[in-house]
Amino acid sequence: VLFRSSICFSDARGAESLTTSQNLSESPLSSAGGEPIEWPLFPQISPDGKSVAFTWEGFIWIAPTDGGQARKLTDHPAWESSIRWDRTSRRLLFSSRREGSEDIWWIPAEGGQPYRLTWWSGTDRPCDWYPDGKSILISSDKVDTWKRGGTRLYRLPLAEADSPQQEPHRLTLAAAANARLSPSGRKILATRWGTGITRQGYEGSMASQIWLYDLVTEEWKQLTPTNKDHRSPVWIDDDSFLMVKTIDGRGHLVERDLAGSFEKTLVKFATDSVRSPSISEDGKHVFFESKMQAWHLQRETGSLEKIGR
C-alpha cells in the first residue's frame, strides 16, 4: 500500500528545510481471534525494540513491532493505560482504576498476575523506571492538588518479596508530569502546565513546556518557550531527546539536543498531531500514535510504517 506524507527535516541553526515524500508501508495488526485492531492508543515500544505495548478497548496488549497478532496482557473492566517498560523489556508499569482511584500496577511482560504499587485515593501515574529496576518514577496529586500545575514527581522504591510497599519520596516541590529519566538516571525531562491533547494548535500561557531537572544539583531549567506547546519528551541519549512540538497548528515529532543548538523535524502530518512517542534503547525505532493508528519510524532511514488498518 502506498501512502504519501510530508516529512520535513529542519535545522535550528537556520538551514533551509527540505520537504520530501516517502513511500509508507502498512502492517496489519489483529487480536488472537483475528479481529482487526483499530486505533491502538498510547503505543510504547520495548527497550529491546522487539515488542510494542498499547491500550485497546481499555485493555493492555502486546504485539511484535512489525505487526501481526497481538496478545492481551490485562483483562479487567477498568480502563488501563500509561504503559512504561522496564529497561530489561521484562516488566511493564501501567495505571488502572481497578480499585476506584487511578493507581499504579506492574505486570510481567509474558503475562501473569498484576501487582498494585500505590493506594492513594487520588491519581497516581507511572513515568519511568530507574536504571537499576529497584525504584520507579511516578507523578501524583497526593499533595497540593489545589495548586496550579497539579501533580508532583516522586521516587517509589519497589518492595522486596513478602515485604510491605514503601512510601514514595517526593523529589521536588515543583509541579511536573510526563517525566522521563535519562539513560544515566541523573536527569529528568518533564512537562509543566499544559492543556488537553485535544486542543491542537493552542498557544498561550497554559501551553505545555518541557523542563530539565538535574537530580544531582536539584535545579530546574526551562528548555522550550512558554507560549508554544511542547510535550511528550523521550530521551534518545543523555544529551538529546524526542518531543512533540506544535508547528502550524499540529504536533510534529521533533528531535533536538539539550543545548538547543540542533533541532530536526522527523514526522509531521497535515491533518493530525503526533502523540505518545517512544523509542527503543538503541535509538533506531520510534513508535507513536496519529490519525487513529500506531506508526513505526525507522529513525536512521526515515522509513515510516503504519501498524494496523
Side-chain angles (χ1 to χ4, degrees), residues 3 5 24-32 35-74 79-87 89-96 105-107 109-111 125-129 178 180 191 197-198 231-236 241-244 250-255 266-269 272-299 302-309:
F3 296 85
S5 177
L24 307 182
S25 59
E26 178 179 358
S27 294
L29 186 65
S30 65
S31 67
E35 181 181 1
I37 291 179
E38 299 183 8
W39 203 357
L41 296 169
F42 322 120
Q44 296 290 301
I45 190 171
S46 59
D48 63 13
K50 296 179 180 179
S51 304
V52 59
F54 55 90
T55 297
W56 185 56
E57 297 185 340
F59 309 114
I60 293 176
W61 298 70
I62 293 180
T65 51
D66 56 358
Q69 188 177 101
R71 169 172 54 91
K72 185 189 286 188
L73 189 63
T74 65
W79 179 268
E80 298 177 331
S81 61
S82 302
I83 302 160
R84 294 292 183 267
W85 291 88
D86 80 345
R87 304 198 181 198
S89 302
R90 295 175 181 173
R91 297 176 293 176
L92 296 95
L93 298 170
F94 65 95
S95 64
S96 175
W105 299 67
W106 80 269
I107 189 171
E110 70 269 17
R125 289 178 182 153
C127 293
D128 211 342
W129 294 76
N178 305 308
R180 296 283 189 151
T191 58
I197 60 173
T198 56
R231 61 180 66 224
S232 305
V234 181
W235 293 93
I236 300 171
F241 63 97
L242 299 176
M243 64 179 174
V244 176
R250 295 289 181 262
H252 297 185
L253 182 64
V254 173
E255 175 181 335
L266 300 181
V267 177
K268 70 176 183 179
F269 295 104
D272 198 10
S273 294
V274 170
R275 290 176 289 274
S276 304
S278 61
I279 190 169
S280 59
E281 188 176 36
D282 61 11
K284 295 180 179 179
H285 304 274
V286 178
F287 258 80
F288 61 88
E289 173 200 333
S290 186
K291 303 172 73 172
M292 300 176 67
Q293 300 292 345
W295 299 81
H296 181 190
L297 171 69
Q298 302 276 354
R299 180 168 157 263
S303 174
L304 189 59
E305 182 179 26
K306 184 173 74 169
I307 306 298
R309 292 180 60 181

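Numbers for residues simply follow the sequence, beginning at 1.
Relative orientation of the Phe288 and Phe269 rings is tilted, given thresholds of 30° and 60° on the angle between their planes. Ring pair Trp61/Phe54 is parallel by interplanar angle, where below 30° counts as parallel and above 60° as perpendicular.
With contacts defined as side-chain heavy-atom distances shorter than 4.5 Å, the pair Phe287/Ile307 qualifies. Annotation: side chain of Leu92 is in contact with side chain of Ile62 (closest heavy-atom distance under 4.5 Å). Here the side chains of Val267 and Leu297 are in contact, with some heavy-atom distance below 4.5 Å. Side-chain contact between Ile83 and Phe42 is absent, with no heavy atoms from C-beta onward closer than 4.5 Å.
Interatomic distance, NZ of Lys268 versus OG of Ser273, reported as 12.5 Å (0.5 Å rounding). From Leu41, atom CG reaches atom CE of Met292 across 9.0 Å, with rounding to the nearest 0.5 Å. Here the CD1 atom belonging to Ile45 is positioned 12.0 Å from the NZ atom belonging to Lys284, to the nearest 0.5 angstrom. Atom CD of residue Glu255 and atom CE of residue Met243 lie 10.0 Å apart, to the nearest 0.5 angstrom.
For Thr191, the side-chain contact (heavy atoms from CB on, under 4.5 Å) partners at least two apart in sequence or on another chain are Ala177, Asn178, Ser208, Ile210, Arg231, Pro233. Contacts of Asp272 classified as side-chain contact (heavy atoms from CB on, under 4.5 Å), with partners at least two apart in sequence or in another chain: Gln200, Arg275, Ser290, Lys291. Taking the side chain to side chain donor-acceptor pair (under 3.5 Å) definition, one finds that Arg87 meets it with nothing, sequence neighbours left out.
Taking every heavy atom of both residues into account, Ser278 and Pro43 meet most closely at OG-O, 3.5 Å. When all heavy atoms are compared, the tightest approach of Glu38 to Trp56 is O-NE1, 3.1 Å. Pairing each heavy atom of Thr74 with each of Glu80, the nearest pair is OG1-OE1, 2.7 Å. Among all heavy-atom pairs drawn from Trp39 and Glu289, the shortest one is NE1-OE2, 3.2 Å. Heavy-atom minimum distance, Ser95 versus Ser82: OG-OG, 3.2 Å. Taking each heavy atom of Trp79 and Thr55 in turn, the nearest pair found is CZ2-CG2, 3.8 Å.
When the options Arg91, Arg90, Gln44 are evaluated for a side chain to side chain contact (heavy atoms under 4.5 Å, CB included) with Trp85, the one that passes is Gln44. Only one option out of Val254, Val274, Ile279 pairs with Leu242 in a side chain to side chain contact (heavy atoms under 4.5 Å, CB included); it is Ile279.
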Residues Val52, His296; criterion side-chain contact (heavy atoms from CB on, under 4.5 Å); working and verdict
CA-CA 10 Å; Val52 59; His296 181 190; over 6 Å; no
Ile107 and Leu73: CA distance, side-chain angles, deciding distance, side-chain contact (heavy atoms from CB on, under 4.5 Å) verdict
CA-CA 8 Å; Ile107 189 171; Leu73 189 63; 3.6 Å; yes
Test side-chain contact (heavy atoms from CB on, under 4.5 Å) on Ser232 and Ser276; report intermediate values, then the result.
CA-CA 6 Å; Ser232 305; Ser276 304; 5.9 Å; no
Do His285 and Gln298 pass the side-chain contact (heavy atoms from CB on, under 4.5 Å) test, and can you show the C-alpha distance, the side-chain angles, and the key distance before you say yes or no?
CA-CA 5 Å; His285 304 274; Gln298 302 276 354; 3.3 Å; yes
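Proximity of a side-chain donor or acceptor of Arg84 to a complementary backbone N or O of Leu93 within less than 3.5 Å is not detected. Thr65 contributes a side-chain N or O that, together with a main-chain N or O of Gly49, makes up a donor-acceptor pair within less than 3.5 Å. Between the side chain of Ser89 and the backbone N or O of Asp48, at least one donor-acceptor pair lies under 3.5 Å.
No more than 12 heavy atoms of other residues, nucleotides or ligands lie within 6.0 Å of CZ in Arg125, so this atom counts as exposed by the packing criterion.
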